[in-house]
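Computation of the quantities below employed the complete heavy-atom set of this structure, encompassing side-chain atoms and omitting hydrogens, waters and symmetry-equivalent molecules. Here, residue 1 is the first one in the sequence, and each next residue gets the next number.
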Amino acid sequence: MSIYHEIHRLHRLGFNKSQIERKVGVNQDTVRKYLEKDFEEMTEGTYILQNRTKKMDPYADIILEWLKELRYFYYFQNQLIFQDIYFSV
């Protein structure tokens with residue numbers, strides 16, 4: 001939302017779209033889109049994006065478990081490799 005406010009502030013100060021694009025660091029199409037939307041439309045769209053369900057949500061717990069297991073696996077694998085190198089010399 002801060003980008004939205006900054007774009008509108010610069011537009012009120014008289015900056016054109018390409019100047020706003022360079023100053024804010026977003027695409028000119030984004031500047032145009034944000035200038036076309038009023039505050040209510042922008043907050044509604046932001047709320048919808050933040051509160052939608054993601055496709056991976058049902059699998060989050062199992063994926064986190066897998067990642068934990070892999071982390072321990074790679075830790076022990078690296079320990080074994082280090083021991084082989086260190087003690088074989």
Side-chain angles (χ1 to χ4, degrees):
M1 288 302 287
S2 62
I3 293 174
Y4 172 83
H5 291 297
E6 181 67 11
I7 288 171
H8 277 272
R9 186 183 71 79
L10 292 172
H11 188 259
R12 282 192 304 273
L13 291 174
F15 288 84
N16 65 32
K17 292 175 188 167
S18 60
Q19 291 170 325
I20 295 172
E21 172 192 4
R22 285 191 295 275
K23 209 153 186 59
V24 177
V26 296
N27 191 316
Q28 193 170 0
D29 293 334
T30 304
V31 172
R32 179 186 46 76
K33 180 175 70 174
Y34 282 15
L35 288 174
E36 290 173 355
K37 290 186 177 187
D38 64 355
F39 186 72
E40 287 84 25
E41 290 175 324
M42 195 66 191
T43 53
E44 181 182 317
T46 304
Y47 177 79
I48 290 170
L49 285 176
Q50 289 176 346
N51 295 312
R52 67 179 176 190
T53 59
K54 281 65 170 191
K55 291 180 179 179
M56 296 300 288
D57 281 349
Y59 311 104
D61 292 335
I62 188 97
I63 292 172
L64 287 174
E65 278 300 313
W66 289 345
L67 290 173
K68 286 178 187 176
E69 289 173 14
L70 282 176
R71 183 179 69 199
Y72 293 125
F73 172 76
Y74 286 121
Y75 171 77
F76 289 117
Q77 186 181 27
N78 287 335
Q79 290 298 316
L80 292 173
I81 291 170
F82 174 75
Q83 287 174 1
D84 282 347
I85 293 172
Y86 184 74
F87 292 112
S88 66
V89 176

Query - Over 12 foreign heavy atoms within 6.0 Å of NE2, His11 - result: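 Count not over threshold, so no.
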Query - side-chain contact (heavy atoms from CB on, under 4.5 Å) partners for Leu67, two or more places apart - result: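 Applying side-chain contact (heavy atoms from CB on, under 4.5 Å) to Leu67 gives Ile63.
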**Report entry** Student check: side-chain heavy atoms of Asp61 and Glu65 closer than 4.5 Å
**Finding:**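 Asp61 vs Glu65: side chains apart.
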**Report entry** Leu64 with Tyr59, same ILVMFWY side-chain cluster at under 4.5 Å
**Finding:**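 Each belongs to a different hydrophobic cluster.
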Query - Intermediate values then yes/no, side chain to side chain contact (heavy atoms under 4.5 Å, CB included), Val24 and Val31 - result: CA-CA 9 Å; Val24 177; Val31 172; 5.9 Å; no
Query raised in the report: What pairs meet the side-chain hydrogen bond (donor to acceptor under 3.5 Å, both in side chains) rule with one or both residues in residues 16-31, with sequence neighbours excluded?
Result: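 Checked against side-chain hydrogen bond (donor to acceptor under 3.5 Å, both in side chains) - neighbours excluded - the pairs reaching residues 16-31 are Asn16-Ser18.
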Query - Gap separating the CD1 atom of Ile20 from the CD1 atom of Ile3, nearest 0.5 angstrom - result: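 Going from the CD1 atom of Ile20 to the CD1 atom of Ile3 covers 13.0 Å.
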**Report entry** Non-neighbouring partners of Glu36 that pass salt bridge (Lys or Arg N to Asp or Glu O under 4.0 Å), sequence neighbours left out
**Finding:**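 For Glu36, the residues satisfying salt bridge (Lys or Arg N to Asp or Glu O under 4.0 Å) (neighbours in sequence not counted) are Arg32.
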Report task. Would you confirm whether Tyr4, through its side chain, and Tyr34, through its main-chain N or O, come within 3.5 Å as a donor-acceptor pair? Result ->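 Not confirmed, Tyr4 side chain does not pair with Tyr34 backbone.
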